[in-house]
Number of protein chains: 2
Amino acid sequence: MAKKTTSDWHGCPIRYAAAIFGDEWSMLILRDILFKYCKHYADFLNAEEGISTNILAARLHSLESEGMLRKLADPEHGARYIYRPTKKCLELIPAMLEIIEWSEKWDENTGVPSEFIAEIRLDRIAFAKRLIAQFEES
Amino acid sequence: MAKKTTSDWHGCPIRYAAAIFGDEWSMLILRDILFKYCKHYADFLNAEEGISTNILAARLHSLESEGMLRKLADPEHGARYIYRPTKKCLELIPAMLEIIEWSEKWDENTGVPSEFIAEIRLDRIAFAKRLIAQFEES
DNA sequence: CTGTATCCTTAGGGATACTG
DNA sequence: CAGTATCCCTAAGGATACAG
């Protein structure tokens with residue numbers, strides 16, 4: 001099946017969500033941008049899972065065209081860009097937190113919680129608000 | 001990328017979730033079983049999106065092996081089976097509801113809410129409890 | 001009805017080279 | 001650094017036939 005977009009596939013909320021992040025790489029990119037502060041192309045490229053560069057570029061374009069990411073010139077570095085979440089993207093955080101909570105409960109193989117989990121556990125709501133505040137001031 | 005399973009891919013809650021339902025068809029099957037009371041093979045097969053039979057069979061096996069579905073003999077019909085959600089699956093409902101709420105807000109193309117959305121809107125929490133009650137008595 | 005099995009096509013995606 | 005372009009391969013997935 002070709003990857004659906006929201007213009008192919010709407011009218012049902014689950015289908016709509018599936019069109020935007022219903023594939024493994026998009027979910028991981030959203031994780032990186034929402035919870036790991038990834039900003040630059042290389043940050044995503046160097047994530048643990050090892051996405052390849054062509055796939056990363058395609059997914060970033062897709063997420064940008066779906067209104068999830070903004071691509072901005074990096075004021076500090078001439079030729080660099082930074083990717084930031086849109087409001088639409090940030091508002092996915094509650095859903096992501098529910099998913100995280102569910103996975104933590106059911107993944108028996110997790111073993112020691114990663115730093116990532118530990119940080120989010122500290123205070124989920126405060127964490128979400130901090131992210132949204134970062135957005136407001138940008 | 002070959003479809004990952006939770007045994008390939010754990011240690012991160014988002015990755016774990018992506019391995020289970022991080023593809024379009026699995027999300028839609030979960031929708032059908034959690035919110036549309038689909039029970040029989042044909043119910044899934046005849047869903048609006050038109051999944052093909054080989055893909056459906058593969059996804060049902062995958063979801064069953066991940067502990068999301070139980071396949072039971074249908075007491076009322078000799079050769080038929082019914083698919084029912086496990087507890088693990090039902091506990092995904094809060095996350096699904098968050099996703100639905102998010103999609104309803106951001107999908108500008110939805111137009112008139114479907115019966116599906118309307119029913120869930122009635123009372124999300126009561127709806128979820130009803131589903132869980134159905135499970136308990138089964 | 002509930003699937004399996006098979007054929008076939010295409011898109012997803014890995015590796016890598018290359019460009020501004 | 002931040003991508004784009006190619007090559008190539010595999011697996012996802014559509015269509016359809018068939019079996020219990």
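All chains are named by letter (A, B, ...) in the order of the sequence lines, taking the proteins before the strands, and each is independently numbered beginning at 1.
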Send over the distance from [X] [atom1] to [N] [atom2], rounded to a whole Å.
{"X": "A/Leu45", "N": "C/dA15", "atom1": "CG", "atom2": "P", "value": "12 Å"}
{"X": "A/Phe44", "N": "D/dC1", "atom1": "CZ", "atom2": "P", "value": "15 Å"}
{"X": "A/Ile51", "N": "C/dT16", "atom1": "CD1", "atom2": "P", "value": "17 Å"}
{"X": "A/Asp23", "N": "C/dA11", "atom1": "CG", "atom2": "P", "value": "16 Å"}
{"X": "B/Leu56", "N": "D/dA12", "atom1": "CG", "atom2": "P", "value": "15 Å"}
{"X": "B/Ile55", "N": "C/dC8", "atom1": "CD1", "atom2": "P", "value": "17 Å"}
{"X": "B/Ile82", "N": "C/dC1", "atom1": "CD1", "atom2": "C1'", "value": "14 Å"}
{"X": "B/Tyr81", "N": "D/dG20", "atom1": "OH", "atom2": "C1'", "value": "10 Å"}

Answer yes or no: does a side-chain N or O of [X] lie under 4.0 Å from OP1 or OP2 of [N]?
{"X": "A/Arg59", "N": "C/dG12", "answer": "no"}
{"X": "B/Tyr83", "N": "C/dG3", "answer": "yes"}
{"X": "A/Lys71", "N": "D/dA2", "answer": "no"}
{"X": "B/Arg80", "N": "C/dT2", "answer": "yes"}

What residue among A/Glu66, A/Met27, A/Lys4 forms side chain to side chain contact (heavy atoms under 4.5 Å, CB included) with A/Ile20?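 Answer after filtering A/Glu66, A/Met27, A/Lys4: A/Glu66.
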Determine whether more than 12 heavy atoms belonging to other residues, nucleotides or ligands lie under 6.0 Å from atom NZ of A/Lys36.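 Above 12, so yes.
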Among [options], which nucleotide has an atom closest to any side-chain atom of [X]?
{"X": "A/His61", "options": "D/dT4, C/dG13, D/dG14", "answer": "D/dT4"}
{"X": "A/Thr53", "options": "C/dG14, C/dA17, D/dA2", "answer": "C/dA17"}
{"X": "B/Tyr41", "options": "D/dG3, D/dC1, C/dT2", "answer": "C/dT2"}

Does one hydrophobic cluster hold both B/Ile82 and B/Tyr37, with members joined at side-chain heavy-atom distances below 4.5 Å? no
Given A/Arg31, which partner from the list A/Glu24, A/Glu48, A/Glu49 fulfils the salt bridge (charged side-chain N to carboxylate O under 4.0 Å, His left out) test?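 The residue from A/Glu24, A/Glu48, A/Glu49 that satisfies salt bridge (charged side-chain N to carboxylate O under 4.0 Å, His left out) with A/Arg31 turns out to be A/Glu49.
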dist A/Arg59:CZ -> A/Asp23:CG (nearest 0.5 Å) comes out at 4.0 Å
Examine the base of C/dG14 for any acceptor or donor lying under 3.5 Å from a partner atom in the side chain of A/Asn54, and report the outcome as yes or no.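 Check passes, donor-acceptor contact within cut-off.
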